Structure formats: structure tokens, C-alpha cells
Asks: 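The structure that follows is given in the form of C-alpha cells.
What you see is a predicted model; the values in this text were computed from it and never measured. Both counts, for ligands and for their atoms, begin at 1 and track the order of listing. All values below were derived from every heavy atom in this structure, side-chain atoms included, with hydrogens, water molecules and symmetry-related copies excluded.
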Amino acid sequence: MPRAADKIPAPRPASIVEPDPAFVRAGGILTIDLGAIVANWRLLAQEAGAAECSAVMKADAYGLGADRVAPALAAAGCRTFFVAHLDEGIALRRILPASARIAVLHGPMPGTQAEFPRHNLLPVLNSVAQVKDYARLAAGMGRRLPAILQSDTGMARLGLARGELDALVESGGLAGLDLVLHMSHLACADDPENPANAAQRQDFITASARLPGVPGSLAASSGIFLGPDYHFDLVRPGAALYGIAPQKDAPNPLRLAVRLQGRVVQLREVPAATAVGYGHTAHTADRTQLATIGIGYADGFMRSLSNRGAGWFRGVRLPIVGRVSMDSVILDVSALPQGALQAGDLVDFIGPEQDLDALARDAGTIGYEILTSLGARYPRRHLGL
Ligand SMILES: *Cc1c(COP(=O)(O)O)cnc(C)c1O
């Protein structure tokens, strides 16, 4: 009779026992930790004290899947969600409880005003034209419509200038609207020393005085860490939910919520003075072990990482050699023991050894751009709570 152990097949690499074929076939894999996102939201809510903590879900929850992230946050107690565009709001409305507030940061494009009450969405009204058009819709419907008003306090991007708010208040132009929030956005909040923060806060307080009884909101992720003076009634974190550091030069209190792995397609050994990749921008100094990984700039793995960034395998840094191609990138894996890395194995690009901010620094950008560029070809695996 064979012993039980004889029947147990030898352990095989995780990439081969993976039950979902999409994960075996793909050149790269994204793993999104919903538990980390919820833990980050709770930490931000605690930091915000008495202010309500909302969640910003624009750009498909910064590329990580709003259909999975938003319900997890709603279940954790988040009541207000922000997106950028009307269509993002309509999509989110379908998956969130009717009690959840969904605000659309860009407000109504001309001709789309009626979509907001139809889909139970809150527009953020940013300009005099948006206010007037929405007030006209309210008058036509014969009821006050809920809306959010944005003031520009020093970014010259979206929102009413001071004089415009004054004129609207004095002319009764806001009468048809039920303003549920007055908001503004900080330009330099990741730098606590920047005097623009206090100037914008003061401007926000002055503008808010024109709207008595309307709750206020100024802080996004970084603004939360400027302290209670910046919290007002509601905070609006996005990036921090996903683990991006909220302040430039301070330790990051948040958990990384994403792991990006690329798969080894081919391994080769080359002699010294071998030219590597497009344009021959790199040449090997010695005999070198190279691994070609199946992710490239078409996946949002930025070309600016050419000859700069690195992947990681079992705690070993593997530098990028040559240019990043559309679908692949070449690593110098000589630092690994012979045979440690094989075709089909997964190398980390965002993970325990290299967080989003580190990869972003090598790419010459910010974690936000790395996240929102993560490509459509990656299968996304969401870890539960
Ligand atoms: C994107 C955005 C946020 C979220 O910003 P983070 O820095 O990602 O927290 C908040 N408010 C507004 C108006 C935004 O555009």
C-alpha cells in the first residue's frame, strides 16, 4: 500500500497552482487589499475627529476598482463619496446604497443638469454658469435641489472667485438651491510649511461666512494631516486610502493597499559589453543574467523608469536595464543565486520592498500618477476584509 505522502504531488510554484487562468496567463498581476483600504479609511476618520470622513472614488478608485472599494467603505460606515464625472457617479449609484451621498466634482456639463436629480447625485457647482443653470433646473422642477458649492481659495482651478460668491449671495442667485456643503481645495497641503495653506484656510473661512449654516470642507488626504484647524465638517481623502504618503517629509502612517507583480517571460545570460533594449541605451559591464518581464509602458509601467527603477524578488533588488518597452522590461537578475528565478515567476514592482512612492520617485512622478496609470491588461485580485 502506498504511503499517503506518495500521493501528495510535490509543491508547485504559486503561479501554476493559481486557480484563475487569467492570473496564470497575464504578464502582470495586481492585488488590491480591501482590508488595508478600510483600515486606512478608519485611521483617516479617527484623525479627522468630529469631521465626517468621505472617500474619493474618481478614476475608478484611483485605478483600483470603485466597484469593489466603494461598497467595502460603505460597509465600514463611509456615507459620502466623490467622483469627478457624471458617468462615474451614475456607475457608483448602481452599486452603493441609496442612503450614500455621491458628489460629482466637475458638476454638470451644459445640458446634463437633469441627470443629477434623476440619478440622485449631488453636483459640485464650480462656476457662476453652473450655479445659474442648476438654479434654473430647480425653478423648473418647482423644488430646491441639493448641491455643493465650491469656492476657489487659491488654486485657480475650479470654484467661484470671492467676488462671484458675493454677487450670487447678494442677488439671491442661490435661492433655489439647498446647499449641503461648501468646499474648497488646497494646492500645497503636502508641504505643512507652505504659507499658502494658512492663506487658503483664511480665505475659506471668509467665504464660508457668506453661507451661514452650510457645512464646510477643505482638506483632502494631505490636508487632514495639517491638523484640526483644517478639518471643518467633512474631509475628502483619496490617495491616502490607497497608501500614498500624505506628507512629503514625514513617515507614512498608512498601509500600502496594492501589489504589482510582473511575470518572467525569459531568462538569458549575456557576456560583458552586450547592448540591451531599444536604442542600445545600456551595455552590460560583466557577464550578466537578464530576465525579461511581461509588463511595459502599455500597462502604465512608465518609460521614464528606463535604466532607473527596479523590481524585487525575495528581498533582492533587480535593476531595470535599458529602455522600458511597450509590453516588457528587462531586469539585471545577477544578484540572485543561479536558478532562483524561473520563467513564470512573479517579480514585485509595488510591494513590501518598494512602495508606490518609491516607484514614483524613480519614475520622476507621484504615486497618484502611478496608481491611475495601472493598465487594463492586469487581472485585479481583491483581497477581502
Ligand atoms: C482628487 C480630489 C480629492 C482627493 O485628493 P487626494 O489628494 O487624493 O486625497 C479631494 N478633493 C478634490 C476636489 C479633488 O479633486
Asks: Do Leu346 and Val265 belong together in a cluster built from hydrophobic side chains that touch within less than 4.5 Å?
Replies: no
Asks: Counting only heavy atoms, which portion of Met155 has something under 4.0 Å from ligand 1: side chain, backbone, both, or neither?
Replies: neither
Asks: Taking both backbone and side-chain atoms of Val56, is any N or O found less than 3.5 Å from an N or O belonging to ligand 1?
Replies: no
Asks: Once the angle between the rings of His85 and His106 is folded into 0 to 90°, is it parallel (under 30°), tilted (30 to 60°) or perpendicular (over 60°)?
Replies: perpendicular
Asks: Could you tell me whether the side chain of Leu234 reaches within less than 4.5 Å of the side chain of Phe232, counting heavy atoms only?
Replies: no
Asks: Side chain or backbone of His185 under 4.0 Å from ligand 1, or both, or neither, by non-hydrogen atoms?
Replies: side chain
Asks: Considering heavy atoms of the protein only, find what lies nearest to atom 8 (O) of ligand 1 and give residue, atom and distance to 0.1 Å.
Replies: Tyr62 OH, 2.5 Å
Asks: Take the angle between the ring planes of His182 and Phe204 and call it parallel below 30°, perpendicular above 60°, tilted in between.
Replies: parallel
Asks: Between Arg381 and Asp20, is there a salt bridge with N-O shorter than 4.0 Å?
Replies: no
Asks: Which bit of Gln150 gets closer than 4.0 Å to ligand 1, counting heavy atoms only: side chain, backbone, both or neither?
Replies: neither
Asks: Under 4.0 angstrom from ligand 1, any heavy atom of Pro237?
Replies: yes
Asks: For ligand 1, does Ile244 get within less than 4.0 Å through its side chain, its backbone, both, or neither, judged by non-hydrogen atoms?
Replies: neither
Asks: Tyr368 to ligand 1: N or O pair under 3.5 Å?
Replies: yes
